[in-house]
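Report on the following structure.
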Number of protein chains: 4
Amino acid sequence: MTHTPPTEPHKKRKRDPEGTRDRLVRGALDLFTTIGYHESTTPQIAARAGVAEGTIYRHFKSKEQLLNSIYQAAVRRFQQTIRTSDAAAGCKETLESVAREWSTVAANDPAVVRLVFVRPPRKLLDHSSKAAFKEFKGDIERVLATGKSAGQVKRGSVEMWSDVWLQLISLLLEKVADSDWTHDETTADDIISAAWAAIAANPT
Amino acid sequence: MTHTPPTEPHKKRKRDPEGTRDRLVRGALDLFTTIGYHESTTPQIAARAGVAEGTIYRHFKSKEQLLNSIYQAAVRRFQQTIRTSDAAAGCKETLESVAREWSTVAANDPAVVRLVFVRPPRKLLDHSSKAAFKEFKGDIERVLATGKSAGQVKRGSVEMWSDVWLQLISLLLEKVADSDWTHDETTADDIISAAWAAIAANPT
Amino acid sequence: MTHTPPTEPHKKRKRDPEGTRDRLVRGALDLFTTIGYHESTTPQIAARAGVAEGTIYRHFKSKEQLLNSIYQAAVRRFQQTIRTSDAAAGCKETLESVAREWSTVAANDPAVVRLVFVRPPRKLLDHSSKAAFKEFKGDIERVLATGKSAGQVKRGSVEMWSDVWLQLISLLLEKVADSDWTHDETTADDIISAAWAAIAANPT
Amino acid sequence: MTHTPPTEPHKKRKRDPEGTRDRLVRGALDLFTTIGYHESTTPQIAARAGVAEGTIYRHFKSKEQLLNSIYQAAVRRFQQTIRTSDAAAGCKETLESVAREWSTVAANDPAVVRLVFVRPPRKLLDHSSKAAFKEFKGDIERVLATGKSAGQVKRGSVEMWSDVWLQLISLLLEKVADSDWTHDETTADDIISAAWAAIAANPT
DNA sequence: GATGAATGAGCTTTCATTCAT
DNA sequence: AATGAATGAAAGCTCATTCAT
């Protein structure tokens, strides 16, 4: 659906042809997560990307589709972290390492973290965006499931405990993204531990 | 749920004492927390309250002020719970009882919970609304501070741990408001315990 | 039409019963000539008069009729000056004395002068207001006609020369009303002389 | 008079180069000076220009700014007349020739004359519009100053006497614009002479 | 691909007027 | 006579989207 145009290198093109779509995505992402979706106007988005207003519609069907396109890319980015994590590691260790990687993202690219974790624009997400997030959550639940079968996670539904864990990690990511706890390793570790404490059968 | 008060069928309803403003607040609150602030139009709000559009502006300076007015009332409502809680009780017990009272509110009046805990309309809150919330948070922090001086709460800033606790209670309230965990005492208790586990020095 | 209610002294009445209509007129006149008709809202007018909004409509059919009522009274006030001037005096002398009396009004009650001479709300005047002004102008023309038959006024239509004279006197009244030329007898005399010079057959 | 330009009947007119803004200005000017600023609605203005309502705001920030834009252009137009007048000519001759040129404008384009001379929308003019008019008046005063130093103008401030002269010329322009004195050379000359007589030291 | 003037539906807000009390 | 809450038509303005160039 949101097929990425192959952007083959062609003959004559104006201003940085490879980049138009990317610059649009970047500008919109910053705007959406800073001032909000409704407050971000298409003129503003176009201006940020250095293109004309109409150009948005060469790359995206609508403003809403632009948002969904950005959202799904962001979700996938975080999903990668889980999928490329060490499958052999224990549940606790995996969660910790994933959380730490996300924190790095939060420090370097706050916008993407806000979009997925802090203030997801629920009202505006289409079916496919919601599906993408569910898939992402499924990956987390799978990690927790291994911990549960090892008796490390509390009784009760895995879905619930991953919600709990995610909720606390979201708080961490928000604070890091806001530079409230900039590069404060100790505090970050405290929250990561707290998140584990909240869901662990025998907290250490 | 949002039962329309039985307006007697008259030619022109006038002087519904005390009613108009309240019905406006109720309708707007439901709309804002259901479909969102920007998606709620003034015609819709007026229709819900059974009044003409212009009537909104007899009671509120603007749509934004209407939101802030509702928000502040909602915050104060939750603040009451803390202020009227047993001052003699321990930190843990106070937090638990407060959380349980809020859960009841979440079940009976989901809208108010969503506005304050689940999706506060941060971009749209004025100075005085933000101050009201800060005061509310201050009350929570005071409770936690007593627990901390009793050695029950982890080391680190009280602000941080109340953020953590609130974050988890918000999840609970959201689920209850969404009727996902309706009247499921056990699950609610699990979350309340988890919230305490996350911040407790020696979790039990 | 604009029948003045007889305001008979009755038994029980709220706040200064004789004065309501008058205070309405006064407040509206000040507002209209200060900030303009369209910029003056009925709530403002009512507030100035210290009455409720609805009270305006007990005394006047509409905001527009209120304006016309005020306008006609103002015109009549200036008309009086001409009608009570010494019929035996010469044209020049009559005009001068009339102009001087109007100047006094301009100093004491600038609003009324602005309404009639400086910025008459032409678009908003009804038939009867226009007729009143025409009658007023007729009185001036009659004075000029005597001067003309005495050979003191230039050839050409009396209507035209009274327009010219009025135009210059209006400038004087505006300046006096604005306190630009406060109580500056010399300047006022200069303008009055200039007005005569403009229309006189043999200016002195 | 305000002949609608022969828009060829197309499905959707686009790119009427240079035209849209001008037609908007023309339409608004006619409307403002005919029925008044407040009475002219944006739908009306757009309709006159044959464009959609939103198009107004592509060219002007607001209705008020549209007015000011028109006003300033109009003032500059009259200013040109003075600045291009024969610098070598005497004061009296310069004023006469300027007045006559303005009369021609009044006959051909009444709207512009009404806006600047007859009923300037004072309440609605912004700072820069007021400055433009002051500059214009300064040019007139400069002409009068030369006459004064040649002993042709009465004693007293130049500002005052240019107000007087302008006041009478405004009357002329109004009548011409209203077609009351259409192409009546004699009457126009009478007023121009009267204006000079009003300010001249030794009227001839 | 890119442009940007034009669109028009729909928004929030204002305010003269009405009328039950 | 006086009130003031309620009205609702109409205003000015915004902005996502289209399309001729």
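Order of the sequence lines sets the chain letters (A, B, ...), proteins ahead of strands, with each chain counted from 1.
Within 4.0 Å (heavy atoms only), D/T41 reaches sugar-phosphate atoms of the nucleic acid but no base atom.
Within the model, atoms CD1 of D/I45 and CZ of D/F60 stand 10.0 Å from one another, a figure rounded to the nearest 0.5 Å. Interatomic distance, OG1 of D/T33 versus CZ of D/R119, reported as 11.5 Å (0.5 Å rounding).
Judged by the 6.0 Å and 45° rule, B/K63 forms a cation-pi pair with B/Y37.
Residue A/K63 has its side chain nearest to F/dT17 when only F/dT17, F/dG12, E/dA16 are considered. Comparing F/dT7, E/dA6, F/dA1 by their nearest atom to the side chain of D/T55 picks out E/dA6. Picking from E/dT12, E/dT3, F/dT17 the nucleotide with the shortest atom distance to the side chain of A/Y57 gives F/dT17. Candidate nucleotides F/dT7, F/dA2, E/dG1 were compared by shortest atom distance to the side chain of B/R58, and F/dT7 ranks first. Comparing F/dA6, E/dT3, E/dT12 by their nearest atom to the side chain of B/H59 picks out F/dA6. Among the nucleotides F/dT17, E/dA16, E/dT3, the one closest to any side-chain atom of A/A52 is E/dT3.
In this structure, F/dG4 and E/dC19 make a Watson-Crick or G-U wobble pair, each of the two defining distances being under 3.5 angstrom. The nucleotide F/dG12 finds its pairing partner in E/dC11, both defining distances of the Watson-Crick or G-U wobble pair being shorter than 3.5 Å.
OP1 or OP2 of E/dT12 sits under 4.0 Å from a side-chain N or O of B/T42. For F/dA16, neither phosphate oxygen OP1 nor OP2 lies less than 4.0 angstrom from any side-chain nitrogen or oxygen of A/S62.
If C/G54 and D/E64 are placed on DNA chain F by their nearest nucleotide, the residue sitting closer to the 5' end is C/G54.
B/R21 places its CZ atom 16 Å from the C1' atom of F/dA6, with the value rounded to the nearest Å. Atom CG of C/N68 and atom P of E/dA16 are 16 Å apart (whole Å). In this entry the distance linking NZ of A/K61 with C1' of F/dA16 reads 12 Å, nearest Å. Note: CD1 (B/I35) to C1' (E/dC11) measures 14 Å, nearest angstrom. The CD-P distance, from C/E39 to F/dG12, rounds to 13 Å in whole Å. Note: CZ (A/F60) to P (F/dT18) measures 15 Å, nearest angstrom. With rounding to whole Å, A/L24 atom CG is found 14 Å from F/dA16 atom C1'. Atom CD1 in A/I56 sits roughly 11 Å away from atom C1' in F/dC15 (whole-Å rounding).
Using a cutoff of 4.0 Å between basic side-chain nitrogens and carboxylate oxygens, C/D109 and C/R26 are scored as salt-bridged.
Tested against D/S69 for a side chain to side chain donor-acceptor pair (under 3.5 Å), the candidates D/E64, D/R21, D/H59 yield a single pass: D/R21.
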